[in-house]
2 protein chains.
Amino acid sequence: MESRCENCIVRQFNSLRAMSKEELKQVSDSKTTKTIKKGQPIFEEGEKLNGVYCVRNGVSKLSKLSANGKDQIVKLASKGEVLGQRSVVSEESANLSAIAVEDMEVCFIPKESINNTLQKNPNFTLEVLRHMAHDLKEADDVIVNISQKTVKQRMAEAFLYLQNNFGEDADGFLALTLSREDISNVVGTATESAIRIISEFKKKGLIHTSGKKIGIKNQQKLLEMVEGF
Amino acid sequence: MESRCENCIVRQFNSLRAMSKEELKQVSDSKTTKTIKKGQPIFEEGEKLNGVYCVRNGVSKLSKLSANGKDQIVKLASKGEVLGQRSVVSEESANLSAIAVEDMEVCFIPKESINNTLQKNPNFTLEVLRHMAHDLKEADDVIVNISQKTVKQRMAEAFLYLQNNFGEDADGFLALTLSREDISNVVGTATESAIRIISEFKKKGLIHTSGKKIGIKNQQKLLEMVEGF
DNA sequence: ACCAGTAACTGATAAATATCATATTTTTAA
DNA sequence: TTAAAAATATGATATTTATCAGTTACTGGT
């Protein structure tokens, strides 16, 4: 069953809410829905994008691979986020790969619909601009964090980030379960280092784990650690 | 002597070129020109900005201070760049400080002129959006670089970046002269480490120096170093 | 021209982090 | 279900990078 953008809740979270009825109708008519399995790419670095992807469900990592095979996760995107917008706006190929870290449902919206609205509806353009401004601020903050905080501090911060942005499940574990490797790629460290720090945090009673699931036990101490106490 | 935006060359490099005659006139009438001495701030992190600053001359570093007193330079902005745009667009206080690394001449444009045009002229908004998209790509690339390259590689990259973006003087030195401390803050390392690597590069014949000026001697080798050979 | 004060530099050492090796656990697929 | 593969975990060690301490070289102001 294909649903209409007009009735889609995730639209409330992104720039599509600034579209007019007619524009939205056009988007809805031209969009296609895709299912992406965990581990599969939505698009990859260097690829030319013919549109943007609106996330309905699941979580995607936006990352870039380096020569030595490690990749750095720049952002985690979930429900409501629009992927590929930067590439479409600047008419460049994708700078990052988008890979599902959970099974996903996304809507593909051809770039024509987007470009058309960008040129005609200043409210929409401004809304996209605001989102991009927010992403830029976050990216700047990541730069400062990586270069000024220790791996331990960044690990603590990552757990708090996951708690804030993706919440916890009924058993008190972080709702978004990442592999140890993905965690290390968010933090920007070696996988073994990330694992070691997880063990250390566990011993200190800051977190608890069950398999790959991680739960926060002492939020306060983690916060203090981020601040450098 | 106050010149008019309509005749200003630096406008060609930024989003103001998408403004209409009338909009430009309004900007020109409301703008004020400021001189900033080397080392002085244009604005500082946390400050509420009442407008944007268009760089006519000189170079500014955009950086963020950490608790321990080190600051990370996120971007270097020169002729034609518009500073504070992100803050004005998202109606937040400045995320970064802008400090002159050379004597500067900037035009202050009140945010009313900008906001007004943003709401009415989709071409202008789109142009601002494209610039922000470009900045975001660059920021993402910095994240990946910092986390995946060694300090030595990032130092090599920084010199090539300075060469590409600011050129060289008549004697073959980089036209933009930064203090060793600023270099270390661009690269994200300790000042002593930066100095040590400069010495090493000098011994290896990759660069030459004279006082704080640095010249590139072997671009090819620097490039190979960045790539990890 | 001189004399603070700052910036550049160098060495010794400590700390943080990555890498390599290997064991153990968990997941996957036949 | 069970063997193989992949992910997690831990120890030993190497490497990178930061920190501390001290020296030398510039620079701006009187």
> Calculate the interatomic distance between E200(B) atom CD and dG11(C) atom C1'; express it in whole Å.
15 Å
> Check the distance between dA9(D)'s P and K203(A)'s NZ and give it to me in whole angstrom.
12 Å
> Indicate the ring-plane relationship of F173(A) and H208(A), choosing parallel, tilted or perpendicular according to the 30° and 60° boundaries.
tilted
> Just the rounded figure in Å: distance from C1' of dA18(D) to CD of Q72(B).
15 Å
> With the side chain of A190(B) defined as its heavy atoms from C-beta on, choose the nearest nucleotide among dA18(D), dT10(D), dC9(C).
dA18(D)
> Quick one: is S193(A) getting a side-chain N or O under 4.0 Å of the dA18(C) phosphate, OP1 or OP2?
yes
> Quickly work out the I197(A) CD1 to dT10(D) P distance and round it to whole Å.
13 Å
> For the side chain of R196(A) and the base of dT19(C), is some donor closer than 3.5 Å to an acceptor across the two?
yes
> Take K70(A) and G211(A), find for each the nucleotide of DNA chain C with the closest heavy atom, and name the residue whose nucleotide sits nearer the 5' end.
K70(A)
> Nearest of dC20(D), dT17(C), dT8(D) to any side-chain atom of E192(B)?
dC20(D)
> To the nearest angstrom, how far is K213(B) atom NZ from dA8(C) atom P?
14 Å
> Would you call the rings of F108(A) and Y53(A) parallel, tilted or perpendicular, taking 30° and 60° as the class edges?
tilted
> E181(B) CD to dT19(D) P: how many Å, rounded?
13 Å
> Is it true that K48(A) and E92(A) make a salt bridge, defined as a side-chain N closer than 4.0 Å to a carboxylate O?
no
> Reckon K212(A) has a side-chain N or O less than 4.0 Å from the OP1 or OP2 of dT8(D)?
yes
> Rounded off to whole Å, could you give me the CE-to-C1' distance for the M155(A) and dA16(C) pair?
15 Å
> Taking only N and O in the side chain of T191(A), is any of them less than 4.0 Å away from OP1 or OP2 of dA7(D)?
no
> Check every atom of dT19(D), dA8(C), dT17(C) against the side chain of T189(A) and return the nucleotide holding the closest atom.
dT17(C)
> Taking atom C1' of dA7(D) as reference, at what distance in whole Å does atom NZ of K38(A) sit?
11 Å
> When rounded to the nearest 0.5 angstrom, what is the spacing between CD in E138(B) and CG in N95(A)?
10.0 Å
> Anything under 30° is parallel, anything over 60° is perpendicular, the rest tilted; go ahead and classify Y161(B) against F166(B).
perpendicular
